[in-house]
Amino acid sequence: MMDARHASATGRRSENAQRAAPRPLLRVGFLLAHNFTLSAFSLFVDTLRLAADDGDRSRPIRCSWHVMAPRPEPLRSSCGISVSRTCGLIDPENFDYVVVVGGLLDGGEQIDRAMLGYLDHCDRAGVTLVGVCTGSFVLSRAGLMAGRTTCVSWFHAEDFAAEFPDQTPDAERLFIDDGNRITCAGGSGVADLAAYLIHRHISLDVAKKSLHVLQLHDARRGHEAQPHAGSPSSDSRVRRAILMMESHVGNPLPVDTIAIRLDLSGRQLERLFRTTLGQAPAAVYRRIRLDHARRLLETTAKTVTEIAIETGFCDGAHFAQSFRTAFGVSPKGVRLRRDESCMETHEAR
């Protein structure tokens, strides 16, 4: 009898404690796409974890997070590491944000029908949807980004434009807050987005604490530029043109096609390049392809002919001539220098 009374009293205390516990100030649910990007998920959730408690104790006090999935099977990331769900597809009212973490674009369907239905449920409930990495593709495929500005990585800008010709991807900013839709290019910008939400719901000091423990600088703002090997030009149209060039090294786009995609004439694009960079678009494009070829010569075992084809040159002779003009050395000369350097390093050991 005493044990039963004790158990009953313990149960009541537990229930009272749960009722007394304050609701977390920031509540996030995660939906992980098939072959999701592990770094995007881990950066987001670890920034939340560090903001949720004092020190590094990880108790979900100020923030809470759940990994949702319709089935109990582990969720596989693009690097092969799997993550287990913490709950099923629970009521969206439990969250301030539902975050879709995207992954490989060529790895089949990113999310299943149950997850698509859940996103629609979130939309109807008025919960803010967040797409990180290629999560922006998931939200767009679900028809949830119509009329919105969508942030995508510069690396996937052309993929997005090809799949969603009625939308304009923004491949310049780290993330975009468009009301109850937020999209983020991915990479380290995910930590900046998480810190932005922590600042909004908790405090700036707590957001800074999370980033500093992660050995990151103070949060970058969403409109800051994505880092990539792009153009020093201040003109956004020139930068977008160069993004297209970098995304089409092996099958170069005609300059007129690039101009049309930017709603410019070929003459206007030519003028912009000469004004901002002092070179014609074709010359800039050729240098991008040759720089890529040089990296391949220095880091791979591909033949000169293979590299010529991979960088869009019609034949090896034309490639070799253009390469020598640009760098003052032949492709074979670069390969020879690399091999000699490797040999010297090996002998030194």
Side-chain angles (χ1 to χ4, degrees), residues 33-40 42-43 76-82 102-108 110 133-134 137 152-162 171 185-188 226-232 239 241-255 257-258 277 279 281-349:
H34 179 60
N35 285 321
F36 70 93
T37 304
L38 184 62
S39 59
S42 60
L43 264 177
R76 186 184 186 280
S77 69
S78 57
C79 67
I81 293 174
S82 294
L104 298 181
L105 291 178
D106 57 357
Q110 289 193 293
C133 193
T134 60
F137 283 74
V152 297
S153 166
W154 64 267
F155 191 77
H156 292 301
E158 283 303 297
D159 297 312
F160 191 92
S188 61
Q226 296 179 28
H228 63 85
S231 160
R239 292 200 302 272
I242 289 179
L243 283 174
M244 292 184 203
M245 294 174 182
E246 291 172 339
S247 300
H248 293 83
V249 171
N251 295 292
L253 296 171
V255 172
T257 299
I258 295 174
L277 299 179
Q279 298 181 75
V284 173
Y285 206 165
R286 187 182 309 111
R287 183 59 186 237
I288 288 170
R289 292 157 56 207
L290 289 169
D291 284 341
H292 183 61
R294 182 161 191 160
R295 286 193 294 273
L296 292 174
L297 286 165
E298 292 172 340
T299 61
T300 75
K302 294 179 179 180
T303 67
V304 172
T305 299
E306 288 172 335
I307 291 173
I309 293 170
E310 188 169 329
T311 51
F313 288 89
C314 57
D315 59 66
H318 180 215
F319 167 62
Q321 181 181 355
S322 298
F323 193 94
R324 184 184 288 276
T325 300
F327 300 114
V329 62
S330 68
K332 290 182 178 179
V334 170
R335 180 59 58 76
L336 181 61
R337 289 178 186 177
R338 184 201 70 172
D339 293 344
E340 289 174 347
S341 176
C342 290
M343 183 68 71
E344 290 172 1
T345 302
H346 179 72
E347 290 175 350
R349 289 175 180 171

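Everything numeric in this text was worked out from a predicted model, so none of it was measured.
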Can you measure from CG (Leu296) to OG1 (Thr303) and round to the nearest 0.5 angstrom? 11.0 Å
With sequence neighbours left out, what residues match His156 under side chain to side chain donor-acceptor pair (under 3.5 Å)? Asp159
Tell me which pairs pass side chain to side chain donor-acceptor pair (under 3.5 Å) where either residue lies in residues 281-292, with sequence neighbours left out. Arg287-Asp291
Residues forming a side chain to side chain donor-acceptor pair (under 3.5 Å) with Arg294, sequence neighbours excluded: Glu298
Would you call Asn35 and Arg76 a side-chain contact if the rule is heavy atoms closer than 4.5 Å? yes
Can you name the closest pair of heavy atoms from Gly187 and Leu43 and give their distance? O-CD1, 3.6 Å
Set of residues satisfying side chain to side chain contact (heavy atoms under 4.5 Å, CB included) with respect to Thr37, sequence neighbours excluded: Ser39, Ala40, Cys133
Kindly give the heavy-atom pair with the smallest separation between Ala185 and Ser153, and that separation in Å. O-CB, 3.6 Å
Separation of Ile258 CD1 from Met244 CE (nearest 0.5 Å): 7.0 Å
Is it true that a side-chain atom of Arg338 and a backbone atom of Thr300 form a donor plus acceptor pair closer than 3.5 Å? yes
Below 3.5 Å, can you tabulate the donor-acceptor pairs from side chains in residues 307-328 to any protein atom, sequence neighbours excluded?
from, atom 1, to, atom 2, distance (Å)
Glu310, OE1, Lys302, NZ, 2.6
Glu310, OE2, Lys302, NZ, 3.2
Thr311, OG1, Ile307, O, 2.7
Thr311, OG1, Ala308, O, 3.3
Asp315, OD1, Ala317, N, 3.1
Asp315, OD1, His318, N, 2.7
Ser322, OG, His318, O, 3.0
Thr325, OG1, Gln321, O, 2.9

Rounded distance [0.5 Å steps], CD in Gln110 versus OG1 in Thr134: 4.0 Å
